[in-house]
Amino acid sequence: MENTWVGLLDCNNFFVSCERLFRPDLVGKPVAVLSSNDGCVVARSQEVKDMNVPMGVPYFQIKDILKKGSVTTFSSHISLYRDISRRVFEVMKREMGQVEQYSIDEAFFICKGSFAEVENMIEQLKNVIEMEVGIPVSIGLAHSKTQAKYAASMAKKSAGVKVLNMEEWSTIITDIPLAKIWGVGGQMELKYKANGLVTVADYLASDKQRLGAIFGVVGQRLYAELSGYASPSLGSSSSAQKSLMSSRSFKNPTENIDVLADAIAYHVRHVAADLRRLKLKASLIRVSINTSRHGDFILRGGTLDVAFNDSTNDTFKLMAAAQKLLKQLYENDVPYKKVGVVVSDLVDSNGQQGSLFVEEEVTRKQDRLMEIIDNLNTGKNKNLVKLGTRLRAKEWQGRQDSCSPSYTTRWSDVARVSAK
DNA sequence: TCTGGGGTCCTAGGACCC
DNA sequence: TCTGGGGTCCTAGGACCC
C-alpha cells in the first residue's frame, strides 16, 4: 500500500490561464476573470493575488484598485474554459488511465511506484499537459485525497509538483491549521476550535470514536483522510450525476412575470438539452425565483417542484411544468433578481422503462422532434429554435462587457496565425 | 447603481406507521 | 382520567467545494 498514491492535478488560475492561452501578451501581467453579470472576481492571476484582491469579491468594490494596477479583466467565457478543460483531461486520461474529474479544473488519479518513480511520473504529466494544451498545472501526490489536495497546494508554491509521503506529513501536521484542510469551512473550523482542535496534529491525536460521536460521519471521514490510512480509491468517474441546474441573476430586478417566464424558458431549454446530451431523463423539476440577497425583499421569493410520473427530457413537458410552478410562485410587486431551474432524480434514458400509460409511438415522435431541435441548435445557427420564449432576453440577461472571442468553438473567432 | 453559477453530501425534524 | 416508543421515509436547509 505504501506504493499506491493518490494524486490531484489542479490547473493554475484556470480561467486566467485559458484567456492567456490566446493572449500570450498577458503572460506575466495581472489578469482577472469576472463571474456572470461581471458581478464578482472568480479567477486571479498571481499578480492579482499579490495585490491582495480576494477571491469572490464584488467587482464594483475593487474596480478602482484593478484599474490602478492595470489589471486586464475578462467576463467569464465558460464554453471556452470547458473546451480547454476537456483537452487537459483527455491528455490526463491518456497518460494516467482512470481519472476522477472533480471540477472544471481539477482531477484525482491513482499511481503506483516508489517515491522517485512517482515523482518522475508527475513531472512528466505536468510537462506533457503544458506542452500539448498550454495550461500550467500543479500536481500533488499523497496517501489520501485530502492529503493530495494539501500536497497540490504545496506544489503550487514551489516547483509545481509535490510528493508528500507519510514521513514528511507527520512532521508538518503540527503546523497545518484545520482551516487549511479541504472540507473544513468556517463553521466546522469554529466547531473544532470549540473542542480544542486547531491543527491537523490535534485532530489526529484525538480519539477516533469520540470525534465520530461529536462530529458525525463528516468527522470520522476527516480522521481517515488525514491519517492517510484510508485506502485510496477513485469515485467511479462515470458515477451518475444527481442533478442539473441552470440559473442566472438579472442585470436589473424585475416585477414583470413575462420577463420571468422568458428567463425560465431559457433555463428549461438549457437543462432539457443537457439532459438529452447526457442521455438522461428527470423525474423532478424545481423552479426558484429569488429576490436580491441585499435589500428589503430578502424573505420573498421561493422554490417549488413537481414530480413526473414518467421521467422525461422533453422540452415541452418540462416547460409546461416549469411555467405552471412559476405562476404559483409569483407575487405582484416583488422585485425579482434571479430565477433558476433544477432537474433531479435522473435516470438513464436508454434503459428507462416506459409507463404503461404512455403510448410508445407518441414517445418516439417526441424524441425525434427533440433530436431535430437539438441538431438545429448545435449547428451553424446556434440557438435557432427557442421554445417558449417571448424574446424579452434583453430585459433580464446580464452584462458581459469584456468577453473574449470564442477561439475554439466558433469558426469566425478561431485565432489566425500568420507567418512573417 | 453594481454581490456568480453549478454541484454534492449530511442532518434535523416532521409525517407516518405499527 | 391516563396520552409509548421505535422505526422508516422524506424534505428543507446547512455546509462545503470550485
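Lettering of chains follows the sequences in order, A, B, ..., and the numbering in each one begins at 1. A quick note: this is a predicted structure, and the numbers were derived from the prediction, not measured.
Relative ring orientation between A/Trp182 and A/Phe108 is described as tilted, the plane-to-plane angle lying within the 30° to 60° band.
For A/Thr199, the side chain to side chain contact (heavy atoms under 4.5 Å, CB included) criterion is met by A/Ala201, A/Asp202, not counting sequence neighbours. Remark: A/Glu225 pairs with no residue by the salt bridge (Lys or Arg N to Asp or Glu O under 4.0 Å) rule, at least two apart or across chains. Qualifying ring-ring contact (aromatic ring centres under 6.0 Å, His included) partners for A/Tyr192, counting only residues two or more places apart in sequence or in other chains: A/Tyr203, A/Phe215.
If you measure from atom NZ of A/Lys145 to atom C1' of C/dC18, you get 15 Å, rounded to the nearest angstrom. A/Phe14 places its CZ atom 22 Å from the P atom of B/dG4, with the value rounded to the nearest Å. Between A/His270 atom NE2 and B/dG5 atom P the separation is 13 Å, expressed in whole Å. Spacing between atom NZ of A/Lys338 and atom P of B/dG4 amounts to 7 Å, rounded to whole angstrom units. Rounding to whole angstrom units, CZ of residue A/Arg82 and P of B/dG5 are separated by 14 Å. Rounded to whole Å, atom C1' of B/dT3 lies 10 Å from atom CG of A/Asn37. As rounded to whole Å, 19 Å separates atom P of C/dC17 from atom NZ of A/Lys242. Put simply, CG on A/Asp274 is 16 Å from P on B/dG5, counting in whole angstrom units.
Within residues 54-75 of chain A, no residue is approached by DNA chain C to less than 4.0 Å at the level of any non-hydrogen atom. The stretch residues 203-221 of chain A touches DNA chain B through A/Gly216, A/Val217, A/Val218, A/Arg221, each having a heavy atom under 4.0 angstrom from the strand.
Within the structure, salt bridge (Lys or Arg N to Asp or Glu O under 4.0 Å) pairs that include any residue of residues 129-142 of chain A comprise A/Arg94-A/Glu132, A/Lys126-A/Glu130 (at least two apart or interchain). Counting only residues at least two apart or on different chains, the salt bridge (Lys or Arg N to Asp or Glu O under 4.0 Å) pairs with a member in residues 320-344 of chain A are A/Arg300-A/Glu331. Residue pairs that meet the salt bridge (Lys or Arg N to Asp or Glu O under 4.0 Å) test with at least one member in residues 76-87 of chain A, sequence neighbours left out, are A/Asp83-A/Arg86, A/Asp83-A/Arg87, A/Arg86-A/Glu90.
Put simply, CD on A/Gln147 and CD1 on A/Ile176 are 9.0 Å apart, with the number rounded to the nearest 0.5 Å. Note that the CG atom of A/Leu222 and the CG atom of A/Leu226 stand 4.0 Å from one another [nearest 0.5 Å]. Interatomic distance, A/Leu325 CG to A/Gln323 CD, rounded to the nearest 0.5 Å: 9.5 Å. For the atom pair CG of A/Leu326 and OH of A/Tyr336, the computed distance is 8.5 Å after rounding to the nearest 0.5 Å. With rounding to the nearest 0.5 Å, the separation of CG in A/Asp345 from CD1 in A/Ile285 is 12.0 Å.
A/Ser288 and A/Asn290 share no donor-acceptor pair across their side chains, judged by distance under 3.5 Å alone.
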For this session: Dot-bracket for DNA chain B, please, read 5' to 3', with Watson-Crick or G-U wobble pairs under 3.5 Å on both distances, ( ) within the strand, [ ] crossing, | other strand, . unpaired.
Result: ....||||||||||||||

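Among the atoms of the strands shown, only primed sugar atoms or phosphate atoms (P, OP1, OP2) are found under 4.0 Å from some heavy atom of A/Leu244. At a threshold of 4.0 angstrom between heavy atoms, the contacts of A/Thr303 with the nucleic acid are absent. Among the heavy atoms of the strands lying under 4.0 Å from A/Lys337 are primed sugar atoms or P, OP1, OP2 only; no base atom is included. Within the nucleic acid shown, A/Asp38 has no heavy atom closer than 4.0 Å to any nucleic acid atom.
The nearest heavy atom of DNA chain B to A/Met245 and to A/Phe250 marks one nucleotide each, and the one closer to the 5' end goes with A/Phe250.
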For this session: Might you work through the ring-ring contact (aromatic ring centres under 6.0 Å, His included) test for A/Trp169 and A/Tyr229, ending with a clear yes or no?
Result: CA-CA 13 Å; A/Trp169 175 249; A/Tyr229 292 130; over 10 Å; no

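For B/dT1, neither phosphate oxygen OP1 nor OP2 lies less than 4.0 angstrom from any side-chain nitrogen or oxygen of A/Lys251. Of the side-chain N and O atoms in A/Ser246, none sit less than 4.0 angstrom from OP1 or OP2 of B/dG5.
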Can you check nucleotides 12-15 of chain C for protein contacts, nitrogen or oxygen pairs under 3.5 Å, and list what you find?
none

Identify each atom pair where a protein N or O and an N or O of nucleotides 6-10 of chain C are less than 3.5 Å apart, giving names and distance.
none

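Salt bridge present: A/Lys149 and A/Glu106 bring a charged side-chain N and a carboxylate O closer than 4.0 Å.
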For residues 155-163 of chain A, which side-chain N or O atoms pair as donor and acceptor with protein atoms under 3.5 Å away, sequence neighbours left out?
unit_1   : atom_1 : unit_2   : atom_2 : d
A/Lys156 : NZ     : A/Asp10  : OD2    : 3.3
A/Ser158 : OG     : A/Met154 : O      : 3.1
A/Lys162 : NZ     : A/Glu168 : OE1    : 3.1
A/Lys162 : NZ     : A/Glu168 : OE2    : 3.0

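More than 12 heavy atoms of other residues, nucleotides or ligands shown are found within 6.0 angstrom of CD on A/Gln328.
Straight-line distance between the C1' atoms of B/dC17 and C/dG4: roughly 14 Å, to the nearest whole Å.
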